[in-house]
Amino acid sequence: MVLAVDDEPKGLDELVHCLRNSPHVALVYPAIDASEALRLLSADDPRLADRKARGLPIVDAVFADIDMPGLSGMEMSRVFAALRPSPALVFVTGHAEEAVNAFDLGALDYVLKPYQQDRLDRAITRVIDKLAANAAPQFGQEGGPGQVKNDDEVIPVELAGTTKLIPRSSVRWVEAQGDYARLFTTDGSHLVRIPLAQLEERWEKAGFVRIHRSFLVSLPLITELRMGQGGYQVVIGNEEKVLPVSRRHTRALKDRLVGANRST
């Protein structure tokens, strides 16, 4: 979900067209100037309200022209940069000399006019990479007054031509599938291009534990550790999903379970 802002109608149409051509963009909000952009994002839109309730940026990214009458793109972007969490900023302009000021504001990218689809696609890829790589700091930091504390990391998942953000709290267990990982959530499963070892490292402090070379599980959801055919098994939640525990990980799992029980 992105916001496109350009005071030139033809330029705005081209920008929106290129953004909608991307398979990674589910929804584009067009605005003819900064004032309209701020009005759009303060409107009573249930999709935006849902994002706010989940602690997500009001939009994933803002693609904004710099030179606009009234409130400039730079001034508007300072408003968005002050939000917590804040959307990614991408400036689109015909003036290359503004690049330094743009990056001083924390812009993720700087795209020169006229718009080229492949160049905007690269900017969109940078937005997706930022969501994937910086999700924990972006959504998990507790800042100063007015900031929202939310320690739930999100994982971007490509689904039917759109990018869906899956909160970690909805993940019950993860299964390795080569260089990919399949997230099993409360409402289905999602394949992401993240190695299981990377998720293990990132999610350890959030209560996820490796039980097998192929499985990572949410420790609080383990309802039973039992001996089965071929070794130990764990039972996950009320659905009684049974997963194998390798001998290599058995001792560490028992220690974690005992420690978790002592702390409750």
Side-chain angles (χ1 to χ4, degrees), residues 1 24 51-57 59-61 83-88 106 108 124-143 147-159 162-223 225 234 236-237 241 243-246 248-261 263-264:
M1 186 178 294
H24 303 295
R51 292 178 66 89
K52 292 179 185 177
R54 291 163 56 198
L56 301 177
V59 289
D60 293 312
L83 297 177
R84 293 293 182 271
S86 59
L108 189 63
I124 293 168
T125 298
R126 289 189 178 183
V127 172
I128 295 171
D129 289 344
K130 177 183 167 78
L131 289 172
N134 299 331
Q138 183 173 344
F139 296 103
Q141 291 179 342
E142 182 179 12
Q147 287 189 308
V148 177
K149 181 182 178 182
N150 187 343
D151 60 2
D152 192 15
E153 183 180 356
V154 297
I155 297 294
V157 174
E158 293 183 20
L159 182 66
T162 65
T163 299
K164 182 178 181 181
L165 298 179
I166 304 298
R168 182 180 57 208
S169 59
S170 71
V171 179
R172 306 179 73 76
W173 74 90
V174 186
E175 181 177 359
Q177 296 188 357
D179 292 333
Y180 291 76
R182 183 168 291 279
L183 311 179
F184 289 85
T185 69
T186 52
D187 61 355
S189 68
H190 309 276
L191 190 65
V192 294
R193 192 167 186 174
I194 302 176
L196 193 66
Q198 183 177 337
L199 283 180
E200 177 187 8
E201 181 179 350
R202 284 166 55 176
W203 290 4
E204 180 182 8
K205 292 182 180 179
F208 280 78
V209 58
R210 189 76 168 261
I211 63 168
H212 188 277
R213 65 180 181 180
S214 297
F215 294 103
L216 184 69
V217 301
S218 176
L219 190 68
L221 296 181
I222 296 178
T223 57
L225 174 65
V234 293
I236 308 297
K241 173 67 178 180
L243 296 174
V245 180
S246 68
R248 174 187 173 188
H249 294 92
T250 299
R251 173 51 56 191
L253 175 61
K254 287 182 177 180
D255 291 344
R256 291 286 298 273
L257 288 171
V258 170
N261 289 332
S263 64
T264 58

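Heavy atoms only: backbone and side chains are in, while hydrogens, waters and symmetry mates are out. It should be emphasised that the depicted structure is a prediction, and the values quoted were computed from it without experimental measurement.
Put simply, CG on Asp179 and CD1 on Ile194 are 12.0 Å apart, with the number rounded to the nearest 0.5 Å. Atom CD1 of Ile222 is separated from atom CD1 of Ile211 by 6.0 Å, given to the nearest 0.5 angstrom. To the nearest 0.5 Å, atom CD1 of residue Ile124 and atom CZ of residue Arg126 are 12.5 Å apart. The distance from atom NZ of Lys254 to atom CG of Leu225, rounded to the nearest 0.5 Å, is 6.5 Å.
In this structure, the side-chain hydrogen bond (donor to acceptor under 3.5 Å, both in side chains) partners of Arg182, at least two apart in sequence or on a different chain, are Ser189. Residues that satisfy the salt bridge (charged side-chain N to carboxylate O under 4.0 Å, His left out) test with Glu204, not counting sequence neighbours, are absent from this structure. For Leu221, the side-chain contact (heavy atoms from CB on, under 4.5 Å) partners at least two apart in sequence or on another chain are Arg172, Ser218, Ile236. The side-chain contact (heavy atoms from CB on, under 4.5 Å) test applied to Thr125 returns Asp129, not counting sequence neighbours. By the side-chain contact (heavy atoms from CB on, under 4.5 Å) test, Glu200 is found to be paired with Arg210, Leu216, residues two or more places apart in sequence or in another chain being considered. Legend: residues meeting side-chain hydrogen bond (donor to acceptor under 3.5 Å, both in side chains) with Ser246, ordered by chain and number and at least two apart, are His249. With sequence neighbours excluded, the residues satisfying side-chain contact (heavy atoms from CB on, under 4.5 Å) with Ala61 are Val2, Phe63, Ala88, Val127.
Here the closest non-hydrogen pair linking Leu196 and Arg213 is CD2-O, 3.6 Å. Considering every non-hydrogen atom in both Ala181 and Leu199, the closest pair reads CB-CD1, 4.1 Å.
No side-chain heavy atom of Val234 sits less than 4.5 Å from a side-chain heavy atom of Phe215. The shortest side-chain heavy-atom distance between His212 and Leu243 does not fall under the 4.5 Å cut-off.
A parallel orientation is assigned to the rings of Trp173 and Phe184, their planes being inclined by less than 30° (bins at 30° and 60°).
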